[in-house]
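Have a look at the structure below before the remarks.
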Number of protein chains: 2
Amino acid sequence: MKNTLSLLKALSDKNRLRVVAALLSTHELCACQIKELLKITGASVSRHLALLIQVGLVDSRKKGRWVYYRLRKDMPDFKVLLMWLEQKIGNTAVVKADLAMLDDIGSCDMIEMCKKQRQSGSNP
Amino acid sequence: MKNTLSLLKALSDKNRLRVVAALLSTHELCACQIKELLKITGASVSRHLALLIQVGLVDSRKKGRWVYYRLRKDMPDFKVLLMWLEQKIGNTAVVKADLAMLDDIGSCDMIEMCKKQRQSGSNP
DNA sequence: ATAATAGTTACTTGATTGACTAACTAAACA
DNA sequence: TGTTTAGTTAGTCAATCAAGTAACTATTAT
C-alpha cells in the first residue's frame, strides 16, 4: 500500500511524468538532456530523478562526468502501469512536443549542448 | 496529459486510495459507511469523493437522505489501471483490514450505524 | 409545519511539495 | 596540480492540499 502510494505520488507531478514519458521512448537520457527538456535547474532535475529512482521506476549509471537514467520497463510490478501510461499520454501534445525536442537534443553533441546551456545562463 | 495527471493525483492520497480499494470489492458504498471506514469527518469524505467523481473514477446516486458511490469499473480508460491497482494493493494489510471492517459495517442497519456515529461525536 | 439529519460548501490552519540559489562532491582536462 | 564542470545536497520561499469547524441545503420524521 505504502509502496503503491509512493509510486503514484512519484507519477503525480507534471515534470516527472514528462520524464517517464520521454524515457518510455528513448531508452536512456542524460541529466543534462532532461534539464534541457524541462527547462528547470539541474538541482531540480536531480531531485526529481532521485525520487523516481527511490520508488524503483528508474535506474541510473554514471559514465565519466555524466549520469544516464533509464526506465526499468522490465519490472513486472510496473510493466502494466507503464503500458497503460504510454497508451494514455503517448499521443498528447506535450509528450509529442517533448519527443520532437529530444530528437533535436539527441542529435546534438553532448559537450556542445552543455556549453550552450552554460552560456544561456540557466545555472551559474 | 492533464487528465492523466489529475487521475494520478486523485489516486495519490491514502484515504482516496482506500476508498477506491474498498469500492473495488463492494460495488457500492454510502457516504456514511466511508466515513465510518476512514474515521474522518463527513466534510472530508464529501470532498474526497467529489474529487474522485470529478476525474471520472466514481459515480454517485442519491437515494433519499443517503448518497451512494460506486466505481466506474467499466470505463475503458480506467480498466487496466484499476486491475493493476487491485493486484497491487488488494492483499495489503490496510486493505484487508478495511474489507473486514466493511463486512461489519455492511451487516449493520444503516440507520443504527448513523445513530451510533452521532453518539460517538465525530461530527456535531 | 417544525425539528432532526445526511451530505455539501466556505473558510481557516498546518503540513507537504516543488522551485530556486548557494554550497559541496567528484570527475576531466589544462 | 589546480581549474573547470556535471551532478547532488542543504536551506529558503511560495503554492498546494488535506483536515477540521461552522454555516448551508435538502430530505425525512414527528
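In what follows, chains carry the letters A, B, and so on, assigned in the order in which the sequence lines appear, proteins first and then strands, with residues in each chain numbered from 1. Just the heavy atoms: all of them, side chains too, but no hydrogens, waters or symmetry mates, feed the values below.
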Any side-chain N or O of [X] below 4.0 angstrom from OP1/OP2 of [N]?
| X | N | value |
| --- | --- | --- |
| B:Thr41 | D:dA19 | no |
| B:Ser44 | D:dG20 | yes |
| B:His48 | D:dA19 | yes |

Within the structure shown, what part of the strands sits under 4.0 Å from B:Tyr69 by heavy-atom distance: base, sugar-phosphate, or nothing?
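Since only primed, P, OP1 and OP2 atoms lie under 4.0 Å of B:Tyr69, the category is sugar-phosphate.
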Identify which nucleotide among [options] has an atom closest to any side-chain atom of [X], counting heavy atoms from C-beta outward.
| X | options | answer |
| --- | --- | --- |
| B:Ser46 | C:dA19, C:dG7, D:dG7 | C:dG7 |
| B:Ile40 | C:dT8, D:dG20, D:dA6 | D:dG20 |
| B:Cys30 | C:dG7, C:dA19, D:dG7 | C:dG7 |
| A:Lys9 | D:dA6, D:dT8, C:dT17 | C:dT17 |

Looking at side-chain heavy atoms only, is the closest gap between B:Phe78 and B:Leu57 below 4.5 Å?
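With C-beta onward as the side chain, the pair touches.
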May I ask whether A:Met83 and A:Leu24 are part of the same hydrophobic cluster, defined by side-chain heavy atoms of I, L, V, M, F, W, Y residues being less than 4.5 angstrom apart, directly or through others?
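A:Met83 does not cluster with A:Leu24.
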Could you tell me which residues satisfy salt bridge (Lys or Arg N to Asp or Glu O under 4.0 Å) with A:Arg70, sequence neighbours excluded, listed by chain and number?
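Result, salt bridge (Lys or Arg N to Asp or Glu O under 4.0 Å) vs A:Arg70: A:Glu28.
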How would you list, by chain and number, every residue that makes a salt bridge (Lys or Arg N to Asp or Glu O under 4.0 Å) with B:Arg72, sequence neighbours excluded?
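Testing B:Arg72 for salt bridge (Lys or Arg N to Asp or Glu O under 4.0 Å), a comparison that skips the adjacent residues, returns none.
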Pairs where residues 43-56 of chain A contributes a residue and the test side chain to side chain donor-acceptor pair (under 3.5 Å) is met, not counting sequence neighbours
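Every pair satisfying side chain to side chain donor-acceptor pair (under 3.5 Å) with a residue in residues 43-56 of chain A: A:Arg16-A:His48, A:Thr41-A:Ser44.
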Pairs satisfying side chain to side chain donor-acceptor pair (under 3.5 Å), at least one member in residues 83-100 of chain A, at least two apart:
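Residue pairs with at least one partner in residues 83-100 of chain A: A:Arg18-A:Asp98, A:Lys88-B:Asp77.
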When you look at NZ of A:Lys63, are more than 12 heavy atoms from neighbouring residues, nucleotides or ligands closer to it than 6.0 Å?
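Incorrect, the count does not exceed 12.
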Tabulate protein N/O versus nucleotide N/O from nucleotides 25-30 of chain C, keeping only pairs under 3.5 Å, one per line.
none

Using heavy atoms and a sub-4.0 Å distance, could you list which residues of residues 11-23 of chain A are near DNA chain C? By number, please.
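Under 4.0 Å from DNA chain C: A:Asp13, A:Asn15, A:Arg16.
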